[in-house]
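Just passing along the structure, written as structure tokens.
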Amino acid sequence: MNRFIPYGRQFIDEDDIKAVVEVLKSDFITQGPKIFEFEKKLAEYCGAKYAVVFNSGTSALHAAYFAIGLSQGDEFITSPITFVSTANAGIFLGAKPVFVDVEEDTGNIKSDFIEEKITNHTKLIVPVHYAGHPCDMKKIKEIADKYSLFVVEDACHALGAKYKDSKIGSCKYSDMTVFSFHPVKHITTGEGGAVLTNKEEFYEKLLMFRTHGITKTKFENEPHGMWYYEMQFLGYNYRMTDIQAALGISQLRKLEKFIEKRRKIVQIYNKSFRNNPYFEIPIEKDYAFSAYHLYPIRLNNKYKQKKKKLFEELRKNNLGVQVHYIPVYWQPYYQKLGYKKGICPNAEDFYQREISIPLYPKMSDQDIKYVIEEIFEVFKEA
Ligand SMILES: Cc1ncc(COP(=O)(O)O)c(C=O)c1O
């Protein structure tokens, strides 16, 4: 077989294409009715009061951090096992990311380590539901309440996941939850993101932040006439288009099926890879229903040293494996800011062991079988 099997990819069908074409033929191609419909359906699905969609997960994070008032001189706590934008979005606002080490098994922030990193400047905790496995939200919320901190969930990997009985996105244990709709995620709008919240105050700020800080309803000054609008703070053009929102609505209808398929593939992988001598497989804690954005394997000691070669061999055999993630503070930009290597040993060890193997709803039985066989083949030779 020569076909390259990526670690993740979108699932687009004829219904999705039809939904997009309909918008292209309509009066509104941006900020029309599809945006509001997508937001309503997303909020309903997650069980939150409000959803505001953005043109990326990164802009959604930026908006959520802005809405809680994160600014110059503030610190926020997050995990280094994440995509850089979780931390970057706070730096956009002049705040300082403080990295807390992760659990060895899930790669999620270790709640027991959070309190020791809280200072007088800490304003926010950003748990990242790595690979779709929810963090221990009850504990994190208790710490946040004890120190009067905000919580924004980076759930870019976790649409469709549950913590205990509540859907990620319901914001039962947080102020806001952020999703990404990049093509490798659970549903896609090409590029896109969203913030979910139950608080009207945040909702209004998010709407304005998305469009230059402008409002057409609540004014500080006397309106000059019907045309009047006011820019009350510095916002951005972070708007999603109706073309994307139509795709999002159509994708959302299939989300449960996508999750089901992901979990079915995970079951097959788990059965095939359980107790193998080469690597550990992902776990699901008793409070978690994972949305399985990724299937991160963690190499055993002997194979950890051989990761570079193993990765190359897997790629040579057309497996589009990937690594999630290089600890954020190892990046040259963060090193130049003064972050030292060694500050989160579990995260560094996790990075040195981790490889994400292909997992996406469009995988055929043949693809799944091929991935399993090739992995065994490559490790046997290592
Ligand atoms: C954990 C995490 N946070 C944030 C983002 C940023 O999302 P986007 O790529 O939609 O800007 C991503 C996307 O890769 C992510 O995986």
Side-chain angles (χ1 to χ4, degrees), residues 6-10 38 42 51-66 70 76-93 97 99-100 102-103 106-109 124-135 137 151-161 168-169 174 176-196 206 209-210 236-241 244-245 247-248 251 262 282 290-296 320 322-329 331 334 347 350-351 354 356 359-360:
Y7 82 88
R9 61 159 296 168
Q10 71 276 16
F38 186 31
L42 204 54
V52 181
V53 292
F54 287 83
N55 57 8
S56 74
T58 305
S59 52
L61 281 166
H62 189 186
Y65 296 174
F66 174 84
L70 194 72
F76 63 106
I77 283 172
T78 192
S79 151
I81 296 295
T82 185
F83 186 54
V84 290
S85 53
T86 316
N88 292 355
I91 296 182
F92 295 167
L93 294 161
F99 297 102
V100 166
V102 300
E103 298 172 341
T106 62
N108 279 339
I109 192 164
L124 167 70
I125 305 174
V126 187
V128 180
H129 305 306
Y130 173 77
H133 186 294
C135 297
M137 290 310 299
V151 178
V152 171
E153 295 170 70
D154 181 336
C156 288
H157 293 189
L159 182 62
I168 294 296
S174 66
M176 280 170 274
T177 302
V178 174
F179 295 115
S180 161
F181 308 128
H182 178 275
V184 295
K185 302 298 186 335
H186 297 85
I187 64 169
T188 191
T189 57
E191 296 282 356
V195 184
L196 284 277
L206 294 166
F209 193 75
R210 170 171 81 179
Y236 294 77
N237 179 352
Y238 276 168
R239 297 188 295 262
M240 179 183 272
T241 66
Q244 293 169 294
L247 180 56
Q251 289 263 299
R262 283 179 181 273
S290 176
Y292 284 110
H293 165 52
L294 302 171
Y295 192 89
Q322 192 49 278
V323 170
H324 298 93
Y325 290 95
I326 302 169
V328 172
Y329 61 82
Q331 296 295 345
Y334 282 85
F350 191 92
Y351 160 60
E354 198 274 341
S356 304
L359 177 61
Y360 51 92

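Sequence positions, counted from 1, serve as the residue numbers for this chain. Counting starts at 1 for both ligands and their atoms, following the listed order. Treat the numbers as computed from the prediction; the structure is a model and nothing was measured.
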Proximity of Y325 to ligand 1 by residue part, where a heavy atom lies under 4.0 Å | side chain
Among all protein non-hydrogen atoms, which one is nearest to atom 3 (N) of ligand 1, and what is the separation to 0.1 Å?
->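 Minimum-distance protein heavy atom for atom 3 (N) of ligand 1 reads D154 OD2, 2.8 Å.
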Enumerate the atoms of ligand 1 whose separation from the nearest heavy atom of S56 is less than 4.0 angstrom.
->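 Contacts of ligand 1 toward S56, numbered from 1: 10 (O), 11 (O).
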Show which atoms of ligand 1 fall inside a sub-4.0 Å distance from at least one heavy-atom site of T82.
->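 Checking each atom against T82, I get 1 (C).
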Side chains of E191 and T189: donor-acceptor distance under 3.5 Å anywhere?
->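 Checked: E191/T189 side chains show no N/O donor-acceptor pair below 3.5 Å.
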Quick one: sort the Y7 and H293 rings into parallel, tilted or perpendicular, breaks at 30° and 60°.
-> perpendicular
N/O donor-acceptor pair under 3.5 Å between T82 side chain and S79 backbone |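 A pair under 3.5 Å: no.
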Do any nitrogen or oxygen atoms of H157 come within less than 3.5 Å of a nitrogen or oxygen of ligand 1?
->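 So ligand 1 has an N or O lying under 3.5 Å from an N or O of H157.
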Please determine, by modelled atom types, if Y334 and N88 share a side-chain donor-acceptor pair under 3.5 angstrom.
->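 The criterion, which ignores hydrogens and geometry beyond distance, is satisfied for N88 and Y334.
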Would V195 and T177 count as a side chain to side chain contact (heavy atoms under 4.5 Å, CB included) if you check the C-alpha gap in whole Å, the side-chain angles of each, and the deciding distance to 0.1 Å?
-> CA-CA 6 Å; V195 184; T177 302; over 6 Å; no
Ring geometry between F181 and F38 (parallel below 30°, tilted from 30 to 60°, perpendicular above 60°) =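 F38 and F181: tilted rings.
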Nearest-neighbour protein heavy atom for atom 8 (P) of ligand 1, which is reported as residue plus atom name and distance |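 Minimum-distance protein heavy atom for atom 8 (P) of ligand 1 reads G57 N, 3.5 Å.
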Just distances here: any N/O of K185 and N/O of ligand 1 closer than 3.5 Å?
->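 Between K185 and ligand 1 (N or O atoms, distance only) the closest approach is under 3.5 Å.
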For the pair R210 and Y236, evaluate side chain to side chain contact (heavy atoms under 4.5 Å, CB included) and give the outcome as yes or no after the intermediate values.
-> CA-CA 6 Å; R210 170 171 81 179; Y236 294 77; over 6 Å; no
Heteroatom proximity flag, S85 to ligand 1, N/O under 3.5 Å | no
For ligand 1, which atoms sit closer than 4.0 Å to a heavy atom of G192?
-> 10 (O)
Determine, using heavy atoms of A60 and all atoms of ligand 1, whether some pair is separated by less than 4.0 Å.
->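 Heavy atoms of A60 never come under 4.0 Å of ligand 1.
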With heavy atoms of T86 as the reference, note each atom of ligand 1 found under 4.0 Å away.
->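 Result: 3 (N).
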Please report which non-hydrogen protein atom sits nearest to atom 9 (O) of ligand 1, along with the residue it belongs to and the distance in Å to one decimal place.
->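 Heavy-atom neighbour on the protein nearest atom 9 (O) of ligand 1: S180 OG, 4.1 Å.
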Backbone or side chain, does any N or O of V128 fall under 3.5 Å from an N or O of ligand 1?
-> no
Are V128 and C135 side-chain neighbours, meaning at least one heavy-atom pair lies under 4.5 Å?
-> no
Which bit of T58 gets closer than 4.0 Å to ligand 1, counting heavy atoms only: side chain, backbone, both or neither?
->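 For T58, backbone and side-chain atoms both sit under 4.0 Å from ligand 1.
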Side-chain touch E153/M137, heavy atoms, less than 4.5 angstrom = yes
